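Only one structure is covered here, and it is reproduced in the block below.
Note that this is a predicted model, so its numbers are computed, not measured. So that the names make sense, note that chain A is the first sequence line, chain B the second, and so on, each numbered from 1. Heavy atoms only: backbone and side chains are in, while hydrogens, waters and symmetry mates are out.
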Amino acid sequence: MNRSTVVGFIFGLGLVFLAIYWQLCKILNFALWSIFFNSPSFLLVFGSTMAATFISFPLSEVMGAFRAFFVVFKKDPPEVESNISEILYVIEQARKNGRGALDAEIPKLDNFFLRDTVQLIWEGYHDQEIVDILEDRIATRLRRERSESDIFSSMARISPAFGMVGTIIGLMITLNTMDPSHMDNMGTNMSLALITTFYGVLLAYMIFKPIATKLSRRMLEEAFSMQVIRESVPMISGRWHPIKAKDFLVSFVRPGKREEVLSG
Amino acid sequence: MNRSTVVGFIFGLGLVFLAIYWQLCKILNFALWSIFFNSPSFLLVFGSTMAATFISFPLSEVMGAFRAFFVVFKKDPPEVESNISEILYVIEQARKNGRGALDAEIPKLDNFFLRDTVQLIWEGYHDQEIVDILEDRIATRLRRERSESDIFSSMARISPAFGMVGTIIGLMITLNTMDPSHMDNMGTNMSLALITTFYGVLLAYMIFKPIATKLSRRMLEEAFSMQVIRESVPMISGRWHPIKAKDFLVSFVRPGKREEVLSG
Amino acid sequence: MNRSTVVGFIFGLGLVFLAIYWQLCKILNFALWSIFFNSPSFLLVFGSTMAATFISFPLSEVMGAFRAFFVVFKKDPPEVESNISEILYVIEQARKNGRGALDAEIPKLDNFFLRDTVQLIWEGYHDQEIVDILEDRIATRLRRERSESDIFSSMARISPAFGMVGTIIGLMITLNTMDPSHMDNMGTNMSLALITTFYGVLLAYMIFKPIATKLSRRMLEEAFSMQVIRESVPMISGRWHPIKAKDFLVSFVRPGKREEVLSG
Amino acid sequence: MNRSTVVGFIFGLGLVFLAIYWQLCKILNFALWSIFFNSPSFLLVFGSTMAATFISFPLSEVMGAFRAFFVVFKKDPPEVESNISEILYVIEQARKNGRGALDAEIPKLDNFFLRDTVQLIWEGYHDQEIVDILEDRIATRLRRERSESDIFSSMARISPAFGMVGTIIGLMITLNTMDPSHMDNMGTNMSLALITTFYGVLLAYMIFKPIATKLSRRMLEEAFSMQVIRESVPMISGRWHPIKAKDFLVSFVRPGKREEVLSG
Amino acid sequence: MNRSTVVGFIFGLGLVFLAIYWQLCKILNFALWSIFFNSPSFLLVFGSTMAATFISFPLSEVMGAFRAFFVVFKKDPPEVESNISEILYVIEQARKNGRGALDAEIPKLDNFFLRDTVQLIWEGYHDQEIVDILEDRIATRLRRERSESDIFSSMARISPAFGMVGTIIGLMITLNTMDPSHMDNMGTNMSLALITTFYGVLLAYMIFKPIATKLSRRMLEEAFSMQVIRESVPMISGRWHPIKAKDFLVSFVRPGKREEVLSG
């Protein structure tokens with residue numbers, strides 16, 4: 001479980017409910033709770049946002065994005081530091097036993113991208129060919145993950161607009177049925193009109209935009225790890241001395257974690 | 001038929017009508033339906049948006065964009081995976097029968113861009129010359145398709161502005177004809193003023209922006225397929241072994257589809 | 001005459017007047033027409049926008065932009081296809097009669113940039129020197145034309161802001177002179193306050209932004225034609241065979257027009 | 001004096017006052033003038049914008065930006081054409097008297113950047129070394145000037161936000177002290193609340209944003225002049241023939257001014 | 001203490017309180033002060049912004065950003081000029097005593113990045129290897145610092161949205177409990193609804209956005225210092241003459257400070 005995401009969701013939605021509760025306490029009318037739950041209004045905002053998303057993106061990509069939604073609740077992927085430890089291990093083995101013995105190390109590696117890289121080195125491709133292949137793989141992965149993040153960004157832009165559409169619909173009906181002799185229910189109707197704006201902004205800023213940001217940052221983090229692996233290709237195939245490789249690879253580590261990686 | 005687009009349109013517009021219906025049910029006055037259909041208001045918003053678009057872009061490009069509008073209802077273009085299968089087939093034939101026999105394969109190919117590429121290889125141009133020609137073709141295609149997508153993006157920005165212009169016109173007339181002694185028809189007039197904003201936002205977020213996004217993504221998808229074909233030029237003309245070519249081309253395929261392409 | 005621009009202006013402004021007319025018909029008071037024409041309000045919005053533009057840009061560039069305003073009503077510049085026909089003609093002459101005879105062709109060419117290019121080739125500069133000179137010229141032209149387009153973009157951002165300033169001024173005076181005993185003229189005052197917002201948005205979205213887009217697209221179209229000419233320098237000076245040159249130059253032509261250019 | 005800037009300021013602010021005057025004339029109450037001058041409101045908007053700017057940027061850069069504010073009232077810097085005349089003069093001297101005699105020309109040059117360049121050529125550095133040094137100088141200059149322009153852009157974004165903050169403060173106090181029995185002074189209070197929005201938008205669109213645009217364009221103009229000087233380094237040190245140098249340098253001149261530079 | 005930041009905070013918040021005070025003085029009711037302090041409203045805006053931030057970014061990065069918040073109150077990092085003096089000192093030592101003697105200078109240096117660079121030169125790496133390592137270190141540092149600045153930018157975008165959510169909640173409750181017979185407390189309720197918008201905009205424009213700008217500028221300043229050190233690698237390892245090195249390094253110094261650095 002990715003605690004930061006889960007805690008954020010519970011805390012954020014909890015605060016909104018608490019704010020409503022505090023305001024309601026002052027007027028002591030708990031029946032008013034119901035004014036914040038209105039399924040047709042929610043359906044309008046959420047459904048129209050989905051509809052516009054289905055028009056904008058191919059079906060398979062929208063489905064991929066929904067799967068990605070659940071991925072953000074999983075644990076964060078390992079940071080670049082753990083990959084560097086694995087790379088250093090492979091460099092030591094290449095130095096000791098040579099390029100031909102690397103196939104024995106492949107099953108021991110956690111990172112699938114490093115496994116593929118070591119496989120290509122062991123198969124005897126030239127460094128430049130391997131780097132070309134790895135760069136194409138990184139680009140292919142980024143293309144897919146950027147589309148997932150784009151879908152949520154797009155939903156975050158669309159949902160406040162449909163919240164506004166719902167509020168205009170509500171206002172128009174309120175204004176047409178307005179009876180100047182008794183204005184009693186006008187307040188309730190205006191409030192009903194506002195609820196779609198409330199849903200639209202809440203969906204955009206509490207769900208869609210944060211998910212888009214999380215997916216986008218995770219994508220960049222993974223791309224960075226892959227680029228570090230790509231940089232290490234000549235170190236493995238060229239059988240660099242581990243101390244020299246450490247001098248290069250330590251540049252990718254945050255200052256606070258350098259000791260840890262160097263000793264590992 | 002592109003089901004995702006069609007379903008999106010029907011579902012999205014259906015939800016908006018349903019939302020109006022639900023609100024109207026509560027007050028049981030079906031005559032109110034008419035307040036959401038006002039052809040002068042629609043003409044103002046849609047027509048002014050068209051007018052501003054005609055000033056901004058040359059006539060031929062706007063016409064091209066309208067043709068592109070119907071294209072998005074057609075089936076999605078084949079994905080990059082089917083192109084890679086064709087490229088692998090050509091590489092195998094080049095390996096077996098040599099460069100000179102490639103002309104017999106051209107009519108068998110589905111992808112027109114791959115057909116042109118194989119033709120150029122068969123005609124004996126150098127790899128670099130072919131890559132120059134292909135890159136110019138990709139750029140020319142992107143230029144035309146980007147202009148189509150830009151036109152719809154531009155319309156998505158313009159239509160809410162003219163929705164607002166219409167609302168201001170309505171408000172000004174309402175305010176000028178306001179009779180403080182009987183305020184009965186003021187609500188109806190205000191509602192009439194709001195309808196253009198409703199049309200402007202709905203057109204922008206349910207029609208223009210999604211079409212712009214779909215065209216823009218389709219363009220990038222096609223450009224990617226073309227770049228894969230460009231990358232394969234040295235593999236065909238250099239008569240690479242199909243297994244080596246597969247190691248390179250598989251990098252462009254999404255992980256979930258790699259088995260399928262490799263076996264095909 | 002550039003029909004698309006002229007028709008767009010007439011159609012767009014006509015629709016806005018028609019919308020006002022329809023609304024007014026319902027209340028049958030044609031004296032109300034006057035509420036949409038208020039020269040002090042128009043002067044405030046248009047004049048302040050001009051003033052802010054004069055502070056932002058040097059006088060000579062603003063004057064250049066106003067001249068460019070009239071240019072967009074002229075015919076569109078010839079498309080890239082007609083330039084390619086001329087380039088092919090020059091390549092044929094260079095192939096037949098050699099570099100030295102090119103000076104006889106210069107007066108026959110329509111495109112001034114191609115004339116300059118052929119002149120430089122005839123004068124005996126190296127290909128790289130010519131390409132350097134041509135790239136500097138393209139950049140100089142783009143600099144000037146981008147500034148023209150930027151000025152109209154900037155005016156499109158400024159005019160709604162001054163429309164809002166005018167509305168605030170009007171609102172403040174209305175609120176200060178409000179007499180709760182008779183509210184009759186309050187509607188008229190509020191309407192007067194709104195008219196500047198109406199002018200600001202109309203100027204921005206019907207005049208300034210479309211002109212900026214048109215200038216910007218025309219600039220890119222011309223830059224593309226110039227780049228095609230730059231690409232053809234080695235073909236002319238190297239006396240390429242016209243068939244090979246066609247294989248290269250056809251890549252810059254839209255698919256639908258390829259036959260036409262190849263046969264021409 | 002930079003007339004375009006000064007005239008723009010006077011004209012723009014004059015129009016705003018005129019608009020207020022026209023509106024006031026209709027109600028013939030000149031005491032109302034005072035409603036547009038409210039020093040606490042102005043202090044809130046201007047002061048808070050300053051405060052947020054001081055948090056965002058180091059003290060020395062904010063001071064530099066204020067100095068730049070007065071610079072825009074000075075004359076525009078000489079255009080690129082006058083620099084090209086000076087460069088051509090230096091090229092002629094280098095051709096005639098050789099590299100060693102260039103030190104006699106340095107005091108005659110107006111442009112300080114060209115003086116530095118000729119100094120470096122005279123000192124015998126290689127062309128590539130000089131170009132490296134000049135590019136670093138251009139980048140250093142751009143860094144400082146971009147920060148000045150950024151500060152005014154940032155102020156243009158902040159000031160409408162604090163205008164809105166002031167209006168909310170005013171609204172909250174108005175709403176809390178509202179006495180339903182006599183609503184007379186409510187209009188005056190609402191107007192007082194709106195004045196901060198008026199100041200915020202006016203400051204942003206009449207002062208801060210135009211200054212930012214002017215500084216940014218001046219910066220690009222200077223950078224362009226410097227790049228032309230950088231391009232001319234091999235022409236001076238290589239003692240090019242002035243006619244060849246003219247063929248190259250004329251590309252940086254606008255078509256309308258070419259005759260003037262070539263004859264000069 | 002970074003005086004510019006501290007003074008900005010005190011001055012800015014002071015002005016807002018002063019504005020409230022002036023407005024309140026006119027109505028002489030100091031009990032109204034309380035309307036601007038409402039902890040549930042503040043908790044809603046600040047807490048929801050935090051919650052959305054925790055969903056968007058990993059826990060460790062949010063914590064890093066909070067530490068960075070306090071960093072901006074510390075003194076500004078030394079400017080590039082002081083680094084250039086240190087670099088010139090190292091170049092002189094390298095010239096006098098050779099590369100092998102550089103290890104004695106390392107402890108005397110203040111800048112940690114220059115210390116690492118001199119260490120790598122002393123260890124005998126090639127210039128290109130050192131530049132590769134330094135560029136990776138600069139990129140790693142920028143990655144971490146850009147994420148800190150991004151978090152505050154993101155909070156500046158989120159907090160006005162949750163301010164608006166709070167206002168909608170307040171409005172909906174006000175409208176539902178509105179009693180047309182006595183409207184007395186409606187003003188108070190509306191004011192209570194507006195307070196969250198006030199907090200949202202104030203947090204965004206007085207705290208979050210200025211901090212993001214300050215972090216972003218500090219990052220660019222540090223990156224520039226590091227790039228100057230990277231540029232000086234061949235000067236140190238190649239034992240350049242200090243006068244030639246000065247000619248190059250002086251290009252990175254602002255004109256006003258050149259004398260100071262050259263004499264130092």
Side-chain angles (χ1 to χ4, degrees), chain C residues 39-41 43-62 64 112 116 120 123 125 129 132-141 143-144 147 150 154 157-158 161-162 164-166 168-180 186 189 192-193 196, chain D residues 2-5 7-16 18-20 22-24 27 29 32 35-36 72 76 79 160 182-184 186-192 194-195 197-198 201-202 204-207 209-214 217-218 220-221 224 231 244 247-248 250-255:
Chain C
S39 40
S41 297
L43 199 64
L44 170 66
V45 177
F46 188 74
S48 306
T49 303
M50 284 302 112
T53 306
F54 276 109
I55 306 174
S56 307
F57 298 90
L59 196 67
S60 60
E61 291 188 20
V62 181
F112 77 98
D116 285 11
L120 288 166
E123 284 176 5
Y125 281 109
E129 288 178 332
D132 285 352
I133 291 175
L134 296 186
E135 279 180 351
D136 287 340
R137 290 203 186 169
I138 295 173
T140 299
R141 193 178 180 88
R143 266 182 73 239
R144 200 194 61 220
S147 112
D150 281 356
S154 169
R157 272 195 304 278
I158 295 168
F162 282 112
M164 193 182 138
V165 164
I168 296 175
I169 293 174
L171 268 182
M172 284 170 69
I173 291 176
T174 304
L175 288 166
N176 268 284
T177 58
M178 188 165 81
D179 180 356
M186 199 186 147
N189 283 339
L192 206 59
T196 53
Chain D
N2 185 321
R3 273 173 303 165
S4 144
T5 306
V7 167
F9 270 129
I10 292 171
F11 190 54
L13 293 174
L15 269 169
V16 171
L18 220 62
I20 297 170
W22 266 317
Q23 292 253 341
L24 286 175
I27 43 176
N29 186 347
L32 283 173
I35 64 173
F36 289 98
V72 298
D76 278 324
E79 291 193 313
H182 46 85
M183 304 281 273
D184 294 31
M186 200 186 145
T188 322
N189 282 340
M190 295 274 279
S191 153
L192 206 60
L194 277 174
I195 205 173
T197 296
F198 171 69
V201 177
L202 208 62
Y205 285 87
M206 196 58 97
I207 314 276
K209 192 71 199 159
I211 294 289
T213 307
K214 175 143 249 167
R217 291 197 70 82
R218 185 173 287 215
L220 292 172
E221 200 69 25
F224 179 66
E231 293 284 320
K244 189 180 174 190
D247 268 352
F248 274 76
V250 88
S251 309
F252 297 114
V253 184
R254 264 171 276 179

Open item on the list: Between C:Arg143 and chain D, with a heavy-atom cut-off of 4.5 Å, which part of the residue counts as in contact: side chain, backbone, both or neither?
Closed with: side chain
- [ ] May I ask you to test the D:Val253-C:Thr140 pair for a side-chain heavy-atom distance under 4.5 Å?
- [x] no
- [ ] Select, from C:Arg141, C:Arg157, C:Met50, C:Arg144, the one with the greatest count of heavy-atom pairs under 4.5 Å involving chain D.
- [x] C:Arg144
TODO: Check whether D:Ile207 gets within reach of chain C through its side chain, its backbone, both or neither, counting any heavy atom under 4.5 Å.
DONE: neither
Task: Side-chain donor/acceptor of C:Ser48 to backbone N/O of C:Val45, under 3.5 Å - done: no
Open item on the list: For a side-chain contact (heavy atoms from CB on, under 4.5 Å) check, start with the C-alpha distance between C:Ser147 and D:Arg217, then their side-chain angles and the critical distance, and finish with the verdict.
Closed with: CA-CA 9 Å; C:Ser147 112; D:Arg217 291 197 70 82; 3.0 Å; yes
Task: C:Glu123 portion near chain D, given a 4.5 angstrom heavy-atom threshold - done: side chain
Open item on the list: Any side-chain to backbone donor/acceptor pair from C:Ser154 onto C:Asp150? Under 3.5 Å, distance only.
Closed with: no
- [ ] Could you tell me which non-hydrogen atom of C:Ile158 sits nearest to which non-hydrogen atom of C:Thr49, and how far apart they are?
- [x] CG2-CA, 4.0 Å
TODO: Check whether C:Thr196 gets within reach of chain D through its side chain, its backbone, both or neither, counting any heavy atom under 4.5 Å.
DONE: neither
